[in-house]
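Notes for the one structure printed next.
Everything numeric in this text was worked out from a predicted model, so none of it was measured. All ligand and atom numbering here is 1-based and tracks the order in the structure. Just so it is clear, the values below take in all heavy atoms, side chains as well, and ignore hydrogens, waters and symmetry mates.
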Amino acid sequence: MTFNPLEHRGIPLDRQVRNWSELDVEPVDADHSDPYTKCRIIAMNGIEIEALMFSHHFARTCPSMDVKRQLAEVRYIEQQQQKAVNWLLPGVSSALETTISYEQVAVDLTAWVARMEPDPYLKQAYEFGVLEDFDHLYRYSNLYEMIQHRKAERLVDELTEIIPGRPTKYHHRNPADNVREPYDRDTAEPISKLHALTIMATEQQTMNFYMNVGPEYMEPIARQLYQEIGLVEEEHVTHYESLVDPGETWWERLVNHEYNECYLYYSFMQTESDRRIKAIWELHLDMELEHLRLACELMREHDGREPEEVLAPELPEPVTFEPNKDYIRELLDTQIDLTTLGAGYVREAHERFERMQENIHGGEAPPSERVVDMHREQFGTDYRLSTEGEHPVERLRRQPAGQR
Ligand SMILES: [Fe+2]
Ligand SMILES: [Fe+2]
Ligand SMILES: [Fe+2]
Ligand SMILES: [Fe+2]
């Protein structure tokens, strides 16, 4: 069945404001909810934050009072949607537990996007990035067992493996090497534009989250690990945002944003296992259909173009949270040694990379290494959740005690 959001009518904007009791959503159960329901909540929070921050940036460059007012009206609804979505997260979870879910989102959403992406250059960008967030999941999970004495498998539920990825210490590149070439807005497939927006948005909320929760920990190793991985997320935002064609007009970008919101709510409505949460995705889709209609009107008026020229004729296949274990193991096997040089990828450490590594590490082991060393000291071994056999990369397999 196909769905073209341009052909469906949503809820009129003046009926979208929610009152306090409608905003007071009941959170999902911290221990018994589907981990992928939490992932969908986190992903949609990232999308809503992008929607409203984009709208603020647009408003700041927009001279028309009428357009500014319309942006403010829609943006207020995006804010309410963000509140309704993010407040579904259980208050009893610690910031570190939410962090582990954030990295699970980064792993399984980016892997899914990489699998579906038709453009080889863009696909490579996702494959490169996913091995890094995969390693973050491993580092944070070691921290989690050390400071909260719990195992991350109760959060990710064996849907996602927790084993070393490209080691975090190698993620620190010269910032200039994080800038990729953009797609071409005239020739890129509509799905490629949606993928880029989605991953940019979710990485950005991860970056923001670590910036804010990192200093709330007392344990020095936790504070340090959040600093280190927070800096890598800055690199990831640079990496993914540079994929988007900067030549898109503001009107075109607005239409793409609203269309992407429709696409994701529709996707999650199709795949949600929790009926109560599914009803929220459905309600928000009905709101987004109206946002999209209003954005399309602005585009026709100010850009002199039809939105159909830039949008897909129907929604692509639904974005799905599902295990990507074999795919990630294949990437571990073939791409673990990659780093970036200019807008491309190389296997050898180059001079600019080496210089950055020396500058940031200052000859010491970074927090991402020390957290695993400390875990080994305390528990005799590192924390892993391996469901598909030994690590595909020999040097990253568990060493028998005494041989390290
Ligand atoms: Fe929204
Ligand atoms: Fe990450
Ligand atoms: Fe990331
Ligand atoms: Fe929207």
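- Taking 2.8 Å as the criterion, D133 counts as a coordinating residue of the Fe ion (ligand 2), since one of its N, O or S atoms falls below it.
- Distance alone, capped at 3.5 Å, places no donor-acceptor pair between the R166 side chain and the E132 backbone.
- Between H236 atom ND1 and E233 atom OE1, the angle centred on the Fe ion (ligand 3) amounts to 100° (nearest 10°).
- Using modelled atom types, one side-chain atom of H257 and one backbone atom of R253 make a donor-acceptor pair closer than 3.5 Å.
- Residue-level check: among N/O/S atoms of E78, OE2 sits closest to the Fe ion (ligand 4).
- The N, O or S atom of E258 with the smallest distance to the Fe ion (ligand 4) is OE1.
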Quiz item: When you look at K325 and E388, which way does the salt bridge (charged side-chain N to carboxylate O under 4.0 Å, His left out) test go after all the steps?
Solution: CA-CA 8 Å; K325 295 175 183 179; E388 311 297 298; 3.8 Å; yes
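- The two residues T37 and D274 make their nearest non-hydrogen contact at OG1-CB, 4.3 Å.
- When all heavy atoms of V319 and W112 are compared, the closest pair comes out as CA-CH2, 3.5 Å.
- Under the 4.0 Å criterion applied to side-chain N and carboxylate O atoms, R150 and E145 are not assigned as salt-bridge partners.
- Taking the Fe ion (ligand 4) as reference, E288 places its N/O/S atom OE1 nearest.
- Looking only at N/O/S atoms, E261 comes nearest to the Fe ion (ligand 4) through OE1.
- To the nearest 10 degrees, the Fe ion (ligand 2) sees ND1 of H136 and OE2 of E103 at an angle of 100°.
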Quiz prompt | side-chain contact (heavy atoms from CB on, under 4.5 Å) between Y240 and H236, intermediate numbers included | solution = CA-CA 6 Å; Y240 293 120; H236 287 177; 4.2 Å; yes
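- Nearest N/O/S atom of E203 relative to the Fe ion (ligand 3): this is OE1.
- Its N, O or S atom nearest to the Fe ion (ligand 4) is what matters here, and for H291 that atom is ND1.
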